[in-house]
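Note that this is a predicted model, so its numbers are computed, not measured.
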Amino acid sequence: MEAPHSPAPDAADLPVAPDAPSGLAVTIGSPERMRELGRRLAALLRPGDLVMLTGELGAGKTTLTRGLGEGLGVRGAVTSPTFVIARVHPSLVDGPALVHVDAYRLGGGLDEMEDLDLDVSLPDSVVVVEWGDGKVEELSDDRLHVVIHRVVGTVDAGTDDDDRRTVTLTGLGGRWADADLLSLTD
C-alpha cells in the first residue's frame with residue numbers, strides 16, 4: 001500500500017533565502033547594445049556595489065563598463081585599465097565614483113589586491129573588476145557577477161555573428177535578492 005502524498009508545492013510558494021543567487025541571461029547583438037546594457041545596469045547600481053566581469057579577451061567587458069560609466073555620469077573616458085591596473089572615475093552628477101579594475105595581470109587572491117585599497121573605495125563607489133574570479137570575492141558577500149560569452153552558430157537578421165554575446169548576470173547576497181534585473185531587458 002502506497003503512502004498518501006501531497007502535491008508538490010508551487011515554486012512561487014517556496015521560501016527564498018536572502019543570499020540565494022538571482023540571475024538573468026540576455027543576448028546582445030552589437031557593441032552599442034552592450035553599452036546600452038551597461039547604461040541600464042548603472043540605474044540599478046549604488047555605492048558599495050561590487051561588479052565582477054568575466055569573459056575572454058575581446059568579449060566586451062570594457063565596452064559594458066563604458067556604458068556603466070555613461071549611466072553613472074562619471075568623468076573621463078572609460079578605457080581598459082590593463083596597464084595601470086585600476087582607474088577611478090569621479091562622478092559628475094553627485095553619484096558614486098566608478099572604480100574600474102583589471103585584475104588580469106595580478107597573480108592571486110586578495111593579498112595582491114590589497115595594495116589597490118579596494119576595501120576602502122568600495123563603500124563609496126561602484127567597483128567593477130575585470131578578471132576578478134578568485135581574486136576579489138572576499139571584498140563583499142554581496143556582488144553582481146557578469147559573465148560574457150561569445151555566441152557562435154546561427155546569425156540573426158541584422159547582427160554580425162562576431163558581435164553576438166550572451167551576458168549572464170547573477171546577483172549574490174542579500175543586496176541583489178530584490179534587485180530588478182529583469183528591468184535590463186525592457
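- The two residues Pro96 and Val126 come nearest to each other via the heavy atoms CG-CG2, 3.9 Å.
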(request) Walk me through it: do Arg164 and Thr27 pass the test side-chain contact (heavy atoms from CB on, under 4.5 Å)? (result) CA-CA 7 Å; Arg164 291 183 57 217; Thr27 299; 4.3 Å; yes
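- A heavy-atom distance below 4.5 Å is found between the side chains of Val146 and Leu64.
- Side-chain contact, Arg150 with Thr166: no donor N or O sits under 3.5 Å from an acceptor N or O.
- Residues Leu182 and Leu37 are members of one and the same hydrophobic cluster, defined by side-chain heavy-atom contacts under 4.5 angstrom among Ile, Leu, Val, Met, Phe, Trp and Tyr.
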(message) With salt bridge (Lys or Arg N to Asp or Glu O under 4.0 Å) as the criterion, how do Glu36 and Arg39 come out once you've worked through the C-alpha distance, each side chain's angles and the decisive distance to 0.1 Å?
(response) CA-CA 5 Å; Glu36 176 60 27; Arg39 287 189 290 269; 3.0 Å; yes
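- Using a 4.5 Å cut-off on side-chain heavy atoms (C-beta onward), Leu68 and Leu41 make contact.
- Without hydrogens or angle criteria, Ser140 side chain to Arg143 main chain gives no donor-acceptor distance under 3.5 Å.
- Here the side chains of Arg175 and Arg46 are in contact, with some heavy-atom distance below 4.5 Å.
- Nearest heavy atoms, Ile148 versus Ala59: CG2-O, 3.3 Å.
- If you run side chain to side chain contact (heavy atoms under 4.5 Å, CB included) between Met34 and each of Asp163, Ile28, Thr65, Thr62, only Ile28 comes through.
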(request) Give the C-alpha distance, both sets of side-chain angles, the deciding distance and a yes or no for side-chain contact (heavy atoms from CB on, under 4.5 Å) between Leu144 and Leu172. (result) CA-CA 6 Å; Leu144 182 64; Leu172 301 165; over 6 Å; no
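- The nearest pair of heavy atoms linking Ser80 to Asp102 is OG-OD2, 3.6 Å.
- Around the CG atom of Asp180, the shell of radius 6.0 Å holds more than 12 heavy atoms that belong to other residues, nucleotides or ligands.
- In this structure, Leu24 and Val26 have side chains that are in contact, with non-hydrogen atoms separated by less than 4.5 Å.
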(request) Apply the test side-chain contact (heavy atoms from CB on, under 4.5 Å) to residues Trp131 and Val136: give CA-CA distance (whole Å), side-chain angles for both, the deciding distance (0.1 Å), then the verdict. (result) CA-CA 9 Å; Trp131 305 99; Val136 298; over 6 Å; no
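- Between Leu181 and Gly171, the shortest heavy-atom distance links the atoms CD1-N, 4.4 Å.
- With Ser125 as reference, Val99 is the one residue of Leu98, Val99, Leu72 to meet the side chain to side chain contact (heavy atoms under 4.5 Å, CB included) rule.
- The two atoms that bring Leu44 and Asp49 nearest to each other are O-OD2, 4.1 Å, heavy atoms only.
- When hydrophobic clusters are built by joining Ile, Leu, Val, Met, Phe, Trp and Tyr residues whose side-chain heavy atoms come closer than 4.5 Å, directly or via intermediates, Leu53 is grouped together with Leu169.
- Judged by distance alone, with hydrogens and angles left aside, the side-chain atoms of Glu130 form no donor-acceptor pair with the main-chain N or O of Val128 at under 3.5 Å.
- No donor-acceptor pair closer than 3.5 Å links the side chain of Arg75 to the backbone N or O of Pro90.
- Across every non-hydrogen atom of Ala103 and Val129, the tightest pair is CB-CG1, 4.1 Å.
- Between Glu56 and His149, the side chains place no donor N or O within less than 3.5 Å of an acceptor N or O (distance only, hydrogens not considered).
- Under the 3.5 Å distance criterion, with hydrogens and angles disregarded, a donor-acceptor pair is assigned to the side chains of Thr54 and Asp133.
- Atoms NZ and CE, from Lys61 and Met52 in turn, are 12.5 Å apart once rounded to the nearest 0.5 Å.
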